[in-house]
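Report on the structure given below.
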Number of protein chains: 2
Amino acid sequence: MTLDERKFMILKAIIDDYIMTAMPVGSRTISRKSGVGFSPATIRNEMSDLEELGYLAQPHTSAGRIPSNKAYRLYVDQLLHINGITPEEKIRIDRYMHDRSQQVEEMIRAAANVLSDATQYTSVIVAPQIRSLRIRRVQLVKVSDTMALMIVVTNAGIVKDAAVRIPEGITSEHLFRISEMLTEQLQEHTLSEVRQIFAQMFRDLSTHRRLLGGVMSAMEEKLVEDAPEDIIVGGTTKMLNYPEYSDVEKAKNFLSIFESKDRLAGLLKKSGGMEISIRIGPENEIEELKDCSLVTATYRVGSHGKGTLGIIGPTRMNYRRVLTVMDYMGHVISNLLSGE
Amino acid sequence: MTLDERKFMILKAIIDDYIMTAMPVGSRTISRKSGVGFSPATIRNEMSDLEELGYLAQPHTSAGRIPSNKAYRLYVDQLLHINGITPEEKIRIDRYMHDRSQQVEEMIRAAANVLSDATQYTSVIVAPQIRSLRIRRVQLVKVSDTMALMIVVTNAGIVKDAAVRIPEGITSEHLFRISEMLTEQLQEHTLSEVRQIFAQMFRDLSTHRRLLGGVMSAMEEKLVEDAPEDIIVGGTTKMLNYPEYSDVEKAKNFLSIFESKDRLAGLLKKSGGMEISIRIGPENEIEELKDCSLVTATYRVGSHGKGTLGIIGPTRMNYRRVLTVMDYMGHVISNLLSGE
DNA sequence: GTTAGCACTCATCTTGATCGAGTGCTAATC
DNA sequence: GATTAGCACTCGATCAAGATGAGTGCTAAC
């Protein structure tokens, strides 16, 4: 048995309906739909076939059918064609984003809001991976006699700071000179390259070794290694609007995902190089997401550096809408971050 | 009719029981409790009186009684005596907090976690009000030919940054000189005082007016006025563990409070000067909190500057525990912030 | 190949009976 | 006069039985 034209059509109709209503779809419902010129009985036969093929499932004998994960997979791979974002929405988003594109953090936050507002699902954005960004300036700011604050400005405008212990007797004038020197050396390099450059500097220099050592280890530890993944989540509670989560236990389970950013980071990283990735139900390795789909896309910052944006919703999410919005927002974020 | 010793005792027993179980309390339950040497019938008479006085309510005739908001008010005002935090817990908290006291933001976040872990309710912490903090350093860092980043370090170690447009042709050397000058002028003043100082500077100076104007307005707008209240929330989903919120609608309602930080900020500010404030049910003006209690305390940063920490839980929260933990954490935060 | 017809299934809703925790009142007891 | 035992009563919760209806699978007719 193979999937002919008609089976495709019926399956698509079922999925479309189920995405809207979250209720098992019966043969009559499909038959009534304009464009499907068959009686419920015929549909039933086809549905029976589709069930045998693993695309549909029945919650119980006298209920309608619901799509299986396999069906969604087919749906997103073959049955779905993205329609572009509407001009009105484009304008609305552009305007909103333009107003808050000054500071990166704020921009990302705004983007997360846009994503979850536009899709009505939970959105997740991973800030650009700091280690792949290019350093634009390094500046040491004296805070007390023994402490300075190291500020690193990158090409995406992202500012990171870390406390550095400084030897006593260093004036702010000294710190400025050293900052200038550091900036000169590190400019245009990525944070992941600093180690080598520092090694070189250590060879060339005799003074301020201790201070530089402190700066280097602060960069490495605080900015590269320890750096807690900067993850912004939007619309966490949107999920509670869907009948799938009308049970508090399920809701709690879902919300718990967002309590540990580390876990979330791991999850999002998996999507790796892909331009756009869709993971349906158990394709996510996280137990709590086995009834959810995760759609992720990557955005780029200049030639280096990239981050991830994602939408988490029920497996019966409106993939078309989500893909449309994601696609557009991916570009918006890339442009805003690269433009600065 | 007045509240004699025995009525107090019975009321307290009912509240204590209800706080534990969230179930209407019957006369038998109270009678069984050791320390209450009366039969259910006697208790019933007293309960009937207490109901008439407005301290108890009956969900329906054949159920037990539940405490009214008035009862909680009496409870926290008169019946409750705080017991100190246990040494073990003190050590646990101290250790946890000590490990993350380097960066203010991280420390506040850690404190929010401690609060919600220790109480099992949702915690909220408002970061120190930036406008009342003393400036320690101001530094302008060149980011591009036309933009600089203004970094303000305060006495609490809190770093704020804002983008400032700079006239072309300004070198980083210039910026450093100006930063030194600004630091000298503004040091030890609070952000709310900068306007006057700038006015003075404008009078005295003839050069760099445009740049200084930009710096001033950035300080005023981005750091003082616009500054979105820095609010950290911990354990948002803790509330879902309580039977009061086993209904998704209620849960959604509750969680929506945390979607708008502005509203939350307004709510927390109300507690104003009070050392510790307890608002029960409708005493909170926010509709969504009419079944919740909000306990807030203030912490101080040095002589100036203060912030708020709070716990939000059901009206039947364990006030004793909450007050104990809050009291301790208030001191911990004050010390950590003032010590730096 | 398609569809009308029909028996069958099964979750959901409704109804009514039962249960039991808890009350309020009265009369007996301390 | 305060306390308590006794008892009728209330009312939500629980459960079983029946009715309802959406939907299926199968067969036979078109």
Side-chain angles (χ1 to χ4, degrees), chain A residues 1-11 13-15 17-18 20-68 71 243-244 246-247, chain B residues 1-11 13-15 17-18 20-68 71 243-244 246-247:
Chain A
M1 187 160 34
T2 168
L3 279 182
D4 57 21
E5 190 73 15
R6 196 169 73 184
K7 284 196 174 54
F8 269 125
M9 198 183 69
I10 291 174
L11 183 57
I14 292 173
I15 297 176
D17 190 271
Y18 188 69
M20 295 259 300
T21 65
M23 304 282 278
V25 187
S27 52
R28 253 180 68 91
T29 316
I30 297 304
S31 166
R32 265 200 306 268
K33 272 208 170 152
S34 63
V36 187
F38 299 102
S39 77
T42 310
I43 309 283
R44 274 207 291 282
N45 289 331
E46 295 289 40
M47 281 166 104
S48 176
D49 289 354
L50 284 167
E51 182 169 0
E52 204 165 312
L53 288 163
Y55 291 105
L56 295 177
Q58 262 183 312
H60 55 88
T61 19
S62 71
R65 305 282 208 304
I66 61 173
S68 67
E244 281 90 334
S246 59
D247 177 32
Chain B
M1 188 160 32
T2 169
L3 279 182
D4 56 20
E5 189 73 15
R6 195 169 73 184
K7 283 196 176 52
F8 270 125
M9 198 183 71
I10 291 174
L11 183 56
I14 292 173
I15 297 176
D17 190 271
Y18 188 69
M20 294 260 300
T21 65
M23 303 282 279
V25 187
S27 53
R28 253 180 67 91
T29 315
I30 298 303
S31 166
R32 266 199 306 267
K33 271 205 171 157
S34 62
V36 187
F38 299 101
S39 77
T42 312
I43 308 284
R44 274 206 291 284
N45 290 330
E46 296 288 42
M47 281 166 104
S48 176
D49 291 352
L50 284 167
E51 182 169 1
E52 206 165 311
L53 289 164
Y55 292 106
L56 294 178
Q58 260 183 313
H60 55 87
T61 22
S62 71
R65 305 286 209 303
I66 61 173
S68 68
E244 282 89 336
S246 59
D247 176 32

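All values reported here derive from a predicted model rather than from experimental measurement. Only this structure's heavy atoms are used, side chains among them; waters, hydrogens and symmetry mates stay out. Chain letters run A, B, ... following the sequence lines, proteins first and then strands; every chain starts at 1.
- Comparing D/dT24, D/dT4, C/dT3 by their closest approach to the side chain of A/T42 singles out C/dT3.
- Inter-residue side-chain proximity for A/P40 and A/R44 is flagged as met; some heavy-atom pair is nearer than 4.5 Å.
- A/L3 has its side chain within reach of A/Y55: a pair of non-hydrogen atoms, C-beta onward, lies under 4.5 Å apart.
- A/T61 comes within 4.0 angstrom of the backbone, heavy atoms only, and of no base.
- When distances run from any side-chain atom of A/S39 to the nucleotides D/dT4, C/dT3, D/dC7, the shortest one goes to C/dT3.
- Here the P atom of nucleotide C/dC25 and the CD atom of B/E51 are 11 Å apart, to the nearest Å.
- For B/N45, whose side chain is taken as the heavy atoms from C-beta onward, the closest listed nucleotide among C/dT23, D/dT4, D/dA22 is D/dT4.
- Side-chain nitrogen and oxygen atoms of A/R6 include at least one within less than 4.0 Å of the OP1 or OP2 phosphate oxygen of C/dT2.
- No donor-acceptor distance shorter than 3.5 angstrom exists from the side chain of A/S27 to the backbone of A/I43, with no hydrogens or angles considered.
- Only one option out of A/I15, A/V25, A/D17 pairs with A/P67 in a side-chain contact (heavy atoms from CB on, under 4.5 Å); it is A/I15.
- As rounded to whole Å, 19 Å separates atom P of D/dA22 from atom CD1 of A/I43.
- Each of A/H60 and B/R44 was matched to the nucleotide of DNA chain C holding its nearest heavy atom; the match closer to the 5' end belongs to A/H60.
- Note: CE (B/M23) to P (C/dG22) measures 8 Å, nearest angstrom.
- Rounded to a whole Å, the CE atom of A/M47 is 13 Å from the C1' atom of D/dG25.
- Closest to the side chain of B/Q58, out of D/dT24, C/dT3, C/dT23, is C/dT23.
- Atom CD1 in B/I14 sits roughly 13 Å away from atom C1' in C/dT23 (whole-Å rounding).
- Side-chain contact between A/R6 and A/F38 is present, with at least one heavy-atom pair separated by less than 4.5 Å.
- One can place CD1 of B/I30 at 18 Å from C1' of D/dT4, the figure rounded to the nearest angstrom.
- Of the candidates C/dA21, D/dG21, D/dA5, D/dG21 carries the atom nearest the A/S62 side chain, counting heavy atoms from C-beta on.
- Heavy atoms of A/R28 sit nowhere under 4.0 angstrom from any nucleic acid atom.
- Spacing between atom CD of A/E46 and atom P of D/dG23 amounts to 19 Å, rounded to whole angstrom units.
- Atom CD1 of B/I66 is separated from atom C1' of D/dG12 by 15 Å (rounded to the nearest Å).
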